[in-house]
Structures are given as C-alpha cells and as structure tokens.
Amino acid sequence: MDEDLRFVFLRFGTTIQCVKEKSFYLKIPAGLHFENAVCGHGWYDLPPFSFDSEARKLRYTFAIDGKKAATWTISPSKERLRIIAPAEMGRGVVENAVRRMLRLDEGFQEFYELTAGDPSLAWAAGLGAGRLLRSATVFEDLIKTICTTNCSWSLTRKMVANLTDALGAECISGNRAFPTAEAMAARSPDFYRNEIRAGYRSDYLAEVAEGVASGMIDPESWLVSDLPTPELKKELLKVKGIGTYAAEHLLKLLGRYDGLALDSWLRARFAEKHNRGRPAPDAKIARHYKKFGKWQGLAIWCDMTADWFSEKS
DNA sequence: GCGTCCAGGTCTACC
DNA sequence: GGTAGACCTGGACGC
C-alpha cells in the first residue's frame, strides 16, 4: 500500500496531543544516495531543516498558507523514500516540496558521463554526488543565500535561526517554518539589524521581502524561466544584496550550473588541491573546470568537497 | 573583560 | 570597466 493513516500521541511540554498523520512513499531515482543528497552542501544544517544522521531522518517544517506550520519527516526505506506528514497537509503539497528539495526529477546522467573520465571526479556517480539540497521555496533559498554572504557559517546559522524563531509560523511541536515574504516585509531594517543580527544586510533583507511580498520580485518564476542562464543571472543581480557569488550560488540551486560561485572557501580549497597551496587567479580556476561546460559549477563543488563524501562512505 | 584586528561578499562612488 | 573603501558581525588574539 502506498499511503496509510495513523493517530499518534505526542507530548508537547506538559500536554499530550493526538495528531493524525499519514505516510506515503516515493520511488528513489537510480543513483540517489540519501545522505549525500541531504548533506551535499550546508542547507541541511539551517532551520527549518534538521537532520538526524543516526536515524537517517530529514525533518522540515513548512507553513501552510503562510500561517499554520507542520513538520514532515523524510527517510529512506529500501528503494523508496518514506514521508510522514500531518494528515491536514495535502499529499500534493508535501510531495511536490520533497521532489523539489531532493531534486527527484532532475537528471544528472550527463554530468556523471562527463565526470567519469576525470580522475578527480570519477567517484561522483557512484556516490550520487551533486544533488544540492534546496528549500521548499525559492524565496527561502534567496534569503538564506544573502545570509551566507560575507560572514562565517556560524553567523549564517545564527541569522537564519533568528529569522525562523522570530517570524516563522509555529506548529504544535514547537518547530517553526521559515518566514514568508509577507511576514518579513512587515518588519523594518532596524528589526533585522537589532534582532536578527544581520548587520548591513538588514536593508537588503527588508527590501527583498518587500519586493517579493508586493510581487515586484517573483523568485518562483526563476525556477521555470526560459531565459538563458546569463540573462537570468542579470535578473538575479538586480536584487539588492545579490552579487556574483550569490547569483551563481542561487543559479545552482535553480538547477543551472554554468557559474562557479567562487567564494573565499572554494578559492582556498582550489589553491590547496590544484595550485600547490598558492592562491590561484579566478581565470585559472575557470580554465580548470571549463571542460565541464554547463556542469562546471557542480564539478568544482564536487571536486572541492570530495573528502566530505569519503568521510561518510 | 576589554580592545584590536581580521575575514567575508556586495554596494557605491570615483577614476 | 576597474578599483578602493565602507558596511557589520563573530571569532581569534593579546593584554
């Protein structure tokens, strides 16, 4: 049976509540490695995601209609993914989000054929590398990307956690969803500066949220855009707070890997691995991955994170 | 505990 | 088009 319903009793603080849950299954695409798909980059470490590596469970909290939140759980079960979600959430909503987050409908065969002949990347296909986890909405990925710019990962985590705690819809378990554009647009730059600790990014967060809430910016349209990647990149660069790195990072999340999204960490890793520890000009890094064509952004990411996979395998 | 320095990516003003 | 400086935070370090 593909779908089942059950009632579970959960303790929340001092109270016990009965929750109606349903579970259903999705076929795992050939080559998908669950842990590698989840941990392929840092998103799994940011709320409203949480990952229990021992239990092999990815949890995500999502706001229904922007108000009421619910948490769902994804875990591998033989050749399938098992998804458990509150019954009140329509299966279509959850399934579409899970497909998007884990890129279940995205093909990587061409990338793996290219990497098969490269000594540094021949391992990628066998470990299902390259599936960069993404959020349920492009808006969430956009805001998180701004929070990764010009700061340490610990500060990114802090900003995203503060945003979720302060503005995200709460579900009965206490988990919170990522805030909607409307919720964020209702707050001033001072709020982001003083409460979220976003520093100079505060103006960008307020402006982007306002733009999305008012319809001036439509991040979801980027996902299905027919624009060539350079043109789409120009669109992304129009958003305040999005520069070259952030635009190319977002493009990767949108499934376009033409750009390298070079940041200081990638440059340092490249220097260490391919340039005898000396800083390499961006042009040299670009030449190194040029042969991967439209997949070069994924090629550099897999190359630079290869030891993450060897540690987990 | 306090002060100083540094890393990090983007924006703006200027050349 | 290219470049310098400002933006702001947390962490590292020295005192």
Side-chain angles (χ1 to χ4, degrees), chain A residues 41-43 45-47 132 134-135 138-167 178-179 181 184-185 187-212 216-217 219 222 229-254 256-273 275 277-287 289 296-298 300-301 303-305 308:
Chain A
H41 76 135
W43 254 214
D45 193 31
L46 299 176
L132 305 177
R134 53 188 175 186
S135 309
V138 181
F139 172 71
E140 184 177 327
D141 283 336
L142 169 61
I143 296 295
K144 284 177 173 174
T145 297
I146 292 175
C147 291
T148 66
T149 59
N150 204 20
C151 66
S152 61
W153 184 248
S154 62
L155 181 56
T156 297
R157 289 180 64 183
K158 188 169 184 176
M159 286 187 276
V160 173
N162 287 345
L163 276 174
T164 307
D165 289 345
L167 300 176
F178 194 81
M184 286 188 64
R187 299 302 183 121
S188 69
D190 281 346
F191 169 81
Y192 294 108
R193 191 168 287 108
N194 300 327
E195 305 296 326
I196 307 301
R197 311 299 295 167
Y200 70 92
R201 302 166 200 80
S202 301
D203 291 336
Y204 306 153
L205 294 179
E207 194 173 322
V208 170
E210 171 60 31
V212 175
M216 291 290 287
I217 303 171
W222 300 337
T229 303
E231 297 304 311
L232 185 56
K233 183 177 172 182
K234 284 181 188 170
E235 287 297 307
L236 304 191
L237 288 170
K238 288 178 186 171
V239 178
K240 277 277 189 68
I242 297 293
T244 305
Y245 153 76
E248 292 182 356
H249 175 72
L250 261 175
L251 284 168
K252 286 186 187 181
L253 295 180
L254 294 169
R256 302 187 189 220
Y257 309 102
D258 317 40
L260 296 176
L262 291 176
D263 61 7
S264 56
W265 185 81
L266 276 185
R267 290 186 179 98
R269 295 281 287 182
F270 182 89
E272 190 182 316
K273 188 167 183 178
N275 211 42
R278 292 173 303 183
D282 288 357
K284 182 172 184 177
I285 302 176
R287 279 199 303 276
Y289 295 100
Q296 56 187 295
L298 211 48
I300 187 174
W301 183 253
D303 191 17
M304 296 298 103
T305 59
W308 296 6

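Below, chain A is the first sequence line, B the second, and so on; all start at residue 1.
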- [ ] Just call it for A/Ala246: base, sugar-phosphate, or nothing, with non-hydrogen atoms closer than 4.0 Å on any strand.
- [x] sugar-phosphate

Open item on the list: Within the 4.0 Å heavy-atom criterion, would you say A/Thr244 contacts the bases, only the backbone, or no part of the nucleic acid?
Closed with: sugar-phosphate

Open item on the list: Need two values: the first and the last nucleotide of DNA chain B, 5' to 3', having an atom under 4.0 Å from any heavy-atom of chain A.
Closed with: B/dG8 to B/dT12

For a 4.5 angstrom cut-off between non-hydrogen side-chain atoms, does [X] reach [Y]?
X        : Y        : result
A/Ile300 : A/Tyr257 : no
A/Leu251 : A/Asp258 : no
A/Leu232 : A/Leu254 : yes

Task: Selection residues 148-157 of chain A - residue pairs positive for salt bridge (charged side-chain N to carboxylate O under 4.0 Å, His left out), sequence neighbours left out - done: A/Asp45-A/Arg157

Open item on the list: Angle between the two end axes of the helix from B/dG1-C/dC15 to B/dC15-C/dG1, five base pairs per end, rounded to 10 degrees?
Closed with: 30°

Open item on the list: Working note: A/Asp141 + A/Lys144, criterion salt bridge (charged side-chain N to carboxylate O under 4.0 Å, His left out); need CA distance, chi angles, decisive distance, verdict.
Closed with: CA-CA 5 Å; A/Asp141 283 336; A/Lys144 284 177 173 174; 5.6 Å; no

Open item on the list: Using only atom types and a distance under 3.5 Å, with no angle test, would you say the side chain of A/Arg201 pairs donor to acceptor with the backbone of A/Thr149?
Closed with: yes

Task: DNA chain C contacts among residues 146-156 of chain A, heavy-atom distance under 4.0 Å - done: A/Ser154, A/Leu155

- [ ] Under 4.0 Å from any heavy atom of chain A: name the first and the last nucleotide of DNA chain C that qualifies, 5' to 3'.
- [x] C/dC7 to C/dG11

[X]: side-chain hydrogen bond (donor to acceptor under 3.5 Å, both in side chains) partners, not counting sequence neighbours:
X        : answer
A/Arg269 : A/Asp307
A/Glu235 : A/Lys238
A/Asn194 : none

With sequence neighbours excluded, tell me which residues meet ring pair (Phe, Tyr, Trp, His ring centres under 6.0 Å) with [X].
X        : answer
A/Tyr245 : A/His249
A/Trp222 : none
A/Tyr192 : none

Identify each donor-acceptor pair in which a side-chain atom of residues 158-165 of chain A lies under 3.5 Å from a protein atom, sequence neighbours left out, and give them as a table.
from     : atom 1 : to       : atom 2 : distance (Å)
A/Asn162 : ND2    : A/Lys158 : O      : 3.3
A/Asn162 : ND2    : A/Ile196 : O      : 3.2
A/Thr164 : OG1    : A/Val160 : O      : 2.9

